Every structure is written in C-alpha cells, then in structure tokens.
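Sequential numbering from 1 along the given sequence is applied to the chain's residues. Just so it is clear, the structure is predicted and the values come from calculations on it, not from any experiment.
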Amino acid sequence: MDRDEQTKQPGISLNKGSVWGLIIAITLIWGYAWVLMKASLDYMGPFTFSSFRFGTGALTLLFFVWIARLGLPPKRYIKHLIIIGFLQTTVVFTLVMFALMFVDAGKSSVLLYSMPLWSSLLAVKLLGEHLSRWKIAGLISGMLGLLTILGWDIWLGQNIEVIIGELLIIISAISWGVANIYYRLNVSDLPKLQSSAFQMLFGVLGIFIATLVMESGQPIIFNTESIYYILFTGVLASALCFTVWYVIMSTVDMVTATISTLLVPMFGLILSSLLLNEQLTIGVITGSTLILVGIVLSQITYDKKRTEHR
C-alpha cells in the first residue's frame with residue numbers, strides 16, 4: 001500500500017464522480033465568493049468583513065459540532081489547529097482582503113490559486129507523494145494558465161499599490177499551501193467537521209485582533225446586500241466549503257486535490273467579468289483552457305492509480 005492510501009481518512013469512501021462533484025461545487029462557490037469579497041468593501045473595511053465572515057463560519061461549524069456531539073478536540077491537537085487557523089484563516093484572509101482594495105477580484109483569485117504549486121512541491125518533499133510525469137505536465141499547464149490569465153503586466157506598468165497587493169496575495173498562497181501540508185501531517189485523523197470548526201475559530205481570533213488594531217471606529221453599513229455577502233461567504237464559502245475541502249484532501253492525494261482548485265480563479269474571473277464588469281480578455285480565455293487541460297492531465301494519474309488498486 002502506498003503513502004496516498006495510508007493517509008486516507010478511515011470511514012470516508014467516495015467514488016471519482018462524487019469527489020469531482022464536490023470539487024466543482026466548492027470551486028464554483030469559492031469563485032463567486034471573490035465577487036462578494038470585492039463588493040463588500042463598499043460597506044466596511046477588509047478586516048471587518050473577514051471578522052464577520054469567519055465569525056459567522058466558525059459559529060455555524062461549532063453549532064454542527066454540538067449537534068454531532070463531537071465536543072472539544074483532544075488536547076494534543078489544539079496547538080496544531082491554532083497553527084492551521086493562523087496560516088489558513090488569519091494570514092490568508094487578512095492579506096487577501098487588504099489586497100482586494102487595490103487588485104481586481106478576478107486577478108486576485110488567480111494569484112491566490114498559485115497555491116497548488118506550493119502545496120504540490122511541499123507534498124513531494126514532506127508527504128512522500130510521487131510527482132509523476134502526468135502530474136508535472138498538469139501542474140505546468142495549470143501554472144502556465146495562471147500566468148497567461150495574469151498577464152505580463154504584473155511586471156510592467158503597475159503602480160506600487162497594485163504590486164504590493166499582488167505580492168501580499170502570493171504570500172497568502174504560500175501560507176495556504178503550508179497549511180494544507182501541515183493539516184495532512186498533523187490533523188488529518190480528526191473528524192473533518194471538528195478540525196474545520198476549531199481551526200476557523202482560532203483563525204478568526206487573529207482576524208478580530210487585526211480588525212481592532214487597524215479598523216476600530218471605522219463605519220460599517222448593514223443592509224440587505226452586505227448581510228447577504230457575510231452570510232454567503234460565512235456559511236457556504238467558509239463553513240461548508242472548507243469542511244468539504246478537508247474531506248477531499250483526505251480522499252485523494254495532495255497534488256490532485258490542489259491542482260483541482262485551479263478551477264476557482266477560472267470561475268472567479270468569469271463571474272467577476274459578468275457581475276463586476278472586470279475585463280475578460282483573450283488571455284483569460286486561453287489561460288482558463290490551459291487550467292482545464294492541467295486538471296485533465298492530473299486526473300489521468302488519478303484514474304491509473306485507482307485501477308492499480310482495484
């Protein structure tokens with residue numbers, strides 16, 4: 001039995017169609033969430049919105065933890081959940097929301113989802129996962145797609161605020177990649193609902209602190225739209241999707257899981273174009289095609305491994 005089989009969560013058995021159905025669902029929700037994250041800045045500061053979003057998400061998950069009678073995680077996991085919460089929730093979403101004040105939602109989603117590059121490389125080094133030629137080809141195709149969408153203007157002609165914003169999002173992508181590996185190494189045997197709830201709870205505490213320091217006293221506008229943004233991103237994009245993401249990471253290997261998230265920037269760009277009137281260029285269309293090719297190539301390996309273990 002290889003390392004991938006050994007790290008799968010006991011009791012979780014999903015066929016290929018179910019796995020990809022979940023991947024399509026959460027990546028579409030995450031893609032739409034980028035539109036709402038950008039739009040929320042018309043009503044409140046970036047850290048304030050993240051506090052409401054992840055506070056809502058954490059409370060939702062804790063309610064279901066209580067319903068399921070899971071209780072508190074064992075003490076030996078607490079420090080690991082604090083670290084994951086800091087890396088995946090505090091760092092990623094404070095930096096990303098701040099950067100959204102300067103960078104388009106579509107391009108921001110592209111930059112954050114360079115995460116598969118960092119996760120895949122770390123998985124080979126730390127999890128002992130095999131980076132086959134198909135996965136290498138899929139990863140290269142996906143990264144070329146991201147680069148094509150982003151365009152060479154990341155290096156030429158941008159003002160300093162945009163460049164800083166883009167660098168902050170890249171740091172967020174690295175932090176998320178590290179969090180994925182840390183989760184697989186230290187927390188993957190916890191119930192997914194429990195690990196998602198408590199990492200988010202610890203992560204949002206860091207966001208609350210950032211909000212108090214950076215945005216204390218700033219105006220907040222509550223209306224139908226802003227409340228909808230908070231509830232959608234908190235309950236669906238955070239509570240639901242991050243729990244499903246942990247299930248996916250425990251069901252397939254890290255490289256396949258993270259490459260599949262390249263669908264998010266594609267959805268983010270299309271929806272940002274439709275709903276925020278951000279420009280959808282030929283580069284975006286070409287890049288999205290390369291992303292899909294990358295996912296297909298990585299899936300060839302997945303199918304082959306499934307066949308070998310039957």
Side-chain angles (χ1 to χ4, degrees), residues 29-57 86-115 146 149-176 203-234 237-238 264-265 267-281 284:
I29 291 171
W30 275 342
Y32 177 53
W34 282 94
V35 175
L36 305 188
M37 288 158 61
K38 181 74 172 182
S40 72
L41 298 177
D42 293 334
Y43 302 102
M44 63 193 75
F47 300 152
T48 301
F49 175 76
S50 292
S51 292
F52 282 123
R53 171 186 175 175
F54 288 101
T56 301
F86 175 75
L87 291 172
Q88 182 171 303
T89 300
T90 305
V91 173
V92 172
F93 289 96
T94 52
L95 296 185
V96 163
M97 286 303 300
F98 181 77
L100 275 173
M101 294 192 294
F102 314 110
V103 185
D104 284 348
K107 281 197 173 182
S108 296
S109 66
V110 170
L111 282 172
L112 183 63
Y113 285 88
S114 64
M115 176 272 291
L146 289 176
I149 291 172
L150 189 61
W152 294 109
D153 62 353
I154 187 174
W155 307 112
L156 301 172
Q158 298 280 27
N159 64 53
I160 188 64
E161 289 181 338
V162 173
I163 292 173
I164 291 174
E166 290 168 344
L167 289 174
L168 290 176
I169 298 171
I170 291 172
I171 293 171
S172 300
I174 296 171
S175 183
W176 189 6
V204 79
L205 294 177
I207 298 176
F208 282 150
I209 293 171
T211 302
L212 291 174
V213 172
M214 301 297 294
E215 296 177 357
S216 180
Q218 292 190 14
I220 302 172
I221 300 173
F222 286 115
N223 56 25
T224 303
E225 289 186 348
S226 63
I227 292 172
Y228 167 69
Y229 299 159
I230 291 169
L231 292 178
F232 185 96
T233 58
S238 300
V264 177
F267 290 140
L269 284 160
I270 294 171
L271 293 171
S272 295
S273 174
L274 293 174
L275 301 175
L276 298 178
N277 296 317
E278 293 179 0
Q279 189 174 12
L280 188 62
T281 64
V284 170

Heavy-atom count check: over 12 atoms from other residues, nucleotides or ligands less than 6.0 Å from Met214 CE?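 No, not enclosed.
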Closest non-hydrogen atom pair between [X] and [Y], with its separation:
| X | Y | value |
| --- | --- | --- |
| Gly203 | Thr90 | O-OG1, 2.5 Å |
| Pro265 | Ser109 | CA-OG, 3.4 Å |
| Leu87 | Val92 | O-CG2, 3.2 Å |
| Asp42 | Ile221 | O-CD1, 4.2 Å |
| Ser272 | Ala105 | OG-CB, 3.7 Å |
| Ala99 | Ile169 | CB-CG1, 3.5 Å |

Please report the interatomic distance [atom1]([X]) to [atom2]([Y]), rounded to the nearest 0.5 Å.
| X | Y | atom1 | atom2 | answer |
| --- | --- | --- | --- | --- |
| Met44 | Gln218 | CE | CD | 11.5 Å |
| Phe98 | Glu215 | CZ | CD | 9.5 Å |
| Tyr32 | Leu274 | OH | CG | 11.5 Å |
| Leu36 | Ile230 | CG | CD1 | 11.0 Å |
| Thr233 | Leu231 | OG1 | CG | 8.0 Å |
| Met101 | Ser108 | CE | OG | 11.5 Å |

Among Tyr228, Tyr43, Phe52, Tyr229, which residue satisfies the ring pair (Phe, Tyr, Trp, His ring centres under 6.0 Å) criterion with Phe222? Phe52
Side chains of Val213 and Phe47, heavy atoms from C-beta outward: is any pair under 4.5 Å? no
Student check: side-chain heavy atoms of Ser226 and Asn223 closer than 4.5 Å: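 Yes; the side chains approach each other to less than 4.5 Å.
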Quick one, Lys107 with Leu111, criterion side-chain contact (heavy atoms from CB on, under 4.5 Å). Give me CA distance, side-chain angles, the key distance, then yes/no. CA-CA 6 Å; Lys107 281 197 173 182; Leu111 282 172; 5.7 Å; no
Pick out which of Ser175, Ser172, Pro46 makes a side-chain contact (heavy atoms from CB on, under 4.5 Å) with Leu95. Ser172
Just do the side-chain contact (heavy atoms from CB on, under 4.5 Å) check on Leu269 and Glu278 with the steps written out, would you? CA-CA 8 Å; Leu269 284 160; Glu278 293 179 0; 5.7 Å; no
Backbone N/O of Phe86 and side chain of Thr89: donor-acceptor pair under 3.5 Å: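 A pair under 3.5 Å: no.
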Derivation of the side-chain contact (heavy atoms from CB on, under 4.5 Å) call for Phe232 and Ile29: CA-CA 9 Å; Phe232 185 96; Ile29 291 171; 3.9 Å; yes
Parallel, tilted or perpendicular: rings of Phe54 and Phe93 (30°, 60°):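 Judged by the thresholds at 30° and 60°, the geometry between Phe93 and Phe54 is tilted.
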Audit row: Arg53, Ile207, side-chain contact (heavy atoms from CB on, under 4.5 Å) steps and yes/no: CA-CA 10 Å; Arg53 171 186 175 175; Ile207 298 176; over 6 Å; no
